[in-house]
Number of protein chains: 2
Amino acid sequence: MIDIYLTLFNKIILGEYPAGIRLKEESLATEFNISRTPVRSVLQQLEQDGLIQIFPNKGAIVLPFSADEIEEIYEIRKSLELLCLEISAPILSVQKLIELKKKIIENANNEDIQVHTDLDAHFHSYIINSTGKKRLIDMLNQLFRLIQSFRSLGFMDKETKESTINEHLEILDALCRRDIALAKELMRKHIDNSKIIALSQLLKARNT
Amino acid sequence: MIDIYLTLFNKIILGEYPAGIRLKEESLATEFNISRTPVRSVLQQLEQDGLIQIFPNKGAIVLPFSADEIEEIYEIRKSLELLCLEISAPILSVQKLIELKKKIIENANNEDIQVHTDLDAHFHSYIINSTGKKRLIDMLNQLFRLIQSFRSLGFMDKETKESTINEHLEILDALCRRDIALAKELMRKHIDNSKIIALSQLLKARNT
DNA sequence: TTGACTGTTTTTGTATACAATAATACAAAT
DNA sequence: ATTTGTATTATTGTATACAAAAACAGTCAA
């Protein structure tokens, strides 16, 4: 049931199911060889992700997932992640920050995209999870799922990869020195840059 | 079905269902004289609200909704509502801002709590909805639902009511003059004050 | 007494059948 | 020709039946 969720999720994100088309329970059920019951459950989840809208007694339609969406998601992400930084920066372990820096430097020339995707996730998750704020963590993870594919795709480009690495390292340095104001400013710029990368990846994905 | 959702929602918020207790589908179904199918749907919604957690094949337990939760929700709200302000402040209609001011002043001495609850909602909604950002609006509305009861209760106290009114008016003035930096600063303080009010209302509600 | 095993019961997950609602097509009237 | 009303169909909403998994209780062995 998790896989029909992910299948639909990705089809919508990647534009395979365009905005406006209707998702009928029966069709989906037969398509995935399951009954309508789990289908309804999945549709409810997708609505919570903001990918579809369910009209009572009328069914579900796919909502637009366009550049505007990416733009909005990144602005929300920026606000929430800066809040995380504010909360966790004073209590982050310098030792762990240094470890993270080492890992990033060691893998700087690694060609594997997955490695960089993981390091990126690791970097942001450490800051976010250290807040210990359940809701905040959940909200950011939900946003991350929405932009995940476009984030990874960005690491295919060498320059993009290198600038991302540098930005991560600079933020870690500021955090080690407990220069929170600088860390926030750098993080703000980093997320703005990431947004531009994601947007360009979206356009690429949609034009293929 | 909407009413069983609201019933459970409020019972959890108000501490009637304490953290940790298990919600069994069958019991809820018989209690509300419906079948398990809509109960499951409601439980899924409550999980999205962050009020319960569903463990696969094991069922749902109520999560804590304590002062810490209120604290966290208000911090998130502050970040997101300030983002809204940043986006919408430059484009808010001065005419509408003045209308809003008038309404607030006219009703300043009204004794009806509902009137003040509505004005409060109106004030914040205008700023939030003017962004036109669907996701942002949805997220804030979800947060508002969680703290709604404690917000209204605050208006029972005369001093609290008056300070809230004054804060709203000051923010509206700043917005009329397009002094966005000031508006943001005032909004930040306003939400911090609201947090304290909500927290005290939570404690009151829990001790009765 | 403790601990592992097994059979029973409870509870959740899914499929299916039925009910209620909305969409559609077609006919009749203006 | 357009609109209104009605019958039909399609689709969602809910109840129930069945399957799978987990929790529980009791028994036996160490």
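Residue numbering restarts at 1 for every chain, and letters A, B, ... go by the order of the sequence lines. Keep in mind it's a predicted model, so treat the numbers as computed, not measured.
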Could you check which residues of residues 31-42 of chain A get a heavy atom under 4.0 Å from DNA chain D? Sort them by number, please.
-> Arg36(A), Arg40(A)
Contacts of Asp138(B) meeting side-chain hydrogen bond (donor to acceptor under 3.5 Å, both in side chains) (sequence neighbours excluded), chain-then-number -> none
Does anyone know the first and last nucleotide of DNA chain C in reach of chain A, 5' to 3', at under 4.0 angstrom to a heavy atom?
-> dT14(C) to dA23(C)
Do any side-chain atoms of residues 82-91 of chain A form donor-acceptor pairs under 3.5 angstrom with protein atoms, and if so which ones, sequence neighbours left out?
residue  : atom : partner   : partner atom : Å
Glu86(A) : OE2  : Lys184(A) : NZ           : 2.4
Ser88(A) : OG   : Cys84(A)  : O            : 3.0
Ser88(A) : OG   : Ile127(A) : O            : 3.1

Glu47(A) CD to dT12(D) P, in whole Å, measures 14 Å
Contacts satisfying ring pair (Phe, Tyr, Trp, His ring centres under 6.0 Å) that involve residues 27-86 of chain A (not counting sequence neighbours) are none
Protein-nucleotide distance (Lys24(A), atom NZ; dA10(D), atom P), rounded to Å = 10 Å
If you measure from the Lys or Arg side-chain nitrogens to the Asp or Glu carboxylate oxygens, is any gap between Lys103(A) and Glu106(A) under 4.0 Å?
-> no
Excluding sequence neighbours, so at least two apart, what forms side-chain hydrogen bond (donor to acceptor under 3.5 Å, both in side chains) with Lys24(B)?
-> none
Quick one: ring pair (Phe, Tyr, Trp, His ring centres under 6.0 Å) partners of Tyr5(A), sequence neighbours excluded?
-> Phe9(A)
How about Asn109(B): does its CG atom have over 12 heavy atoms from other parts shown lying under 6.0 Å from it?
-> no
With Asn166(A) via side-chain hydrogen bond (donor to acceptor under 3.5 Å, both in side chains) - residues at least two apart | none
Starting from the C-alpha separation in whole Å, work towards a yes-or-no answer on side-chain contact (heavy atoms from CB on, under 4.5 Å) for Ile128(A) and Leu136(A).
-> CA-CA 8 Å; Ile128(A) 293 164; Leu136(A) 199 45; 5.9 Å; no
Listed pairs, N/O of protein and of nucleotides 23-25 of chain D, under 3.5 Å:
none

Mind checking Leu43(A) for me? I need base, sugar-phosphate or nothing, with any heavy atom below 4.0 Å counting as a touch.
-> nothing
Is the backbone of Ser194(B) close enough, under 3.5 Å, to the side chain of Arg151(B) for a donor and an acceptor to pair up by distance?
-> no
Less than 3.5 Å apart, which donor and acceptor atoms pair up between the side chains of residues 139-148 of chain B and the rest of the protein, not counting sequence neighbours?
residue   : atom : partner   : partner atom : Å
Asn141(B) : ND2  : Ile137(B) : O            : 3.4
Gln142(B) : NE2  : Gln48(B)  : O            : 3.0
Gln142(B) : NE2  : Asp49(B)  : OD1          : 3.2

Where at least one partner belongs to residues 117-141 of chain A, residue pairs that pass ring pair (Phe, Tyr, Trp, His ring centres under 6.0 Å), sequence neighbours excluded = Phe123(A)-His168(A), His124(A)-His168(A), His124(A)-His190(A)
Whole angstrom value for the distance that separates P of dG13(D) from CD1 of Ile2(B) = 13 Å
Bend angle of the helix from dT1(C)-dA30(D) to dT30(C)-dA1(D), from helix axes over five pairs at each end, nearest 10° = 10°
Looking only at atom types and distance, does a side-chain atom of Asn193(B) sit under 3.5 Å from a main-chain N or O of Ile191(B), one as donor and one as acceptor?
-> no
Tell me what Leu23(B) touches on the nucleic acid: a base, only sugar-phosphate, or nothing, going by heavy atoms under 4.0 Å.
-> sugar-phosphate
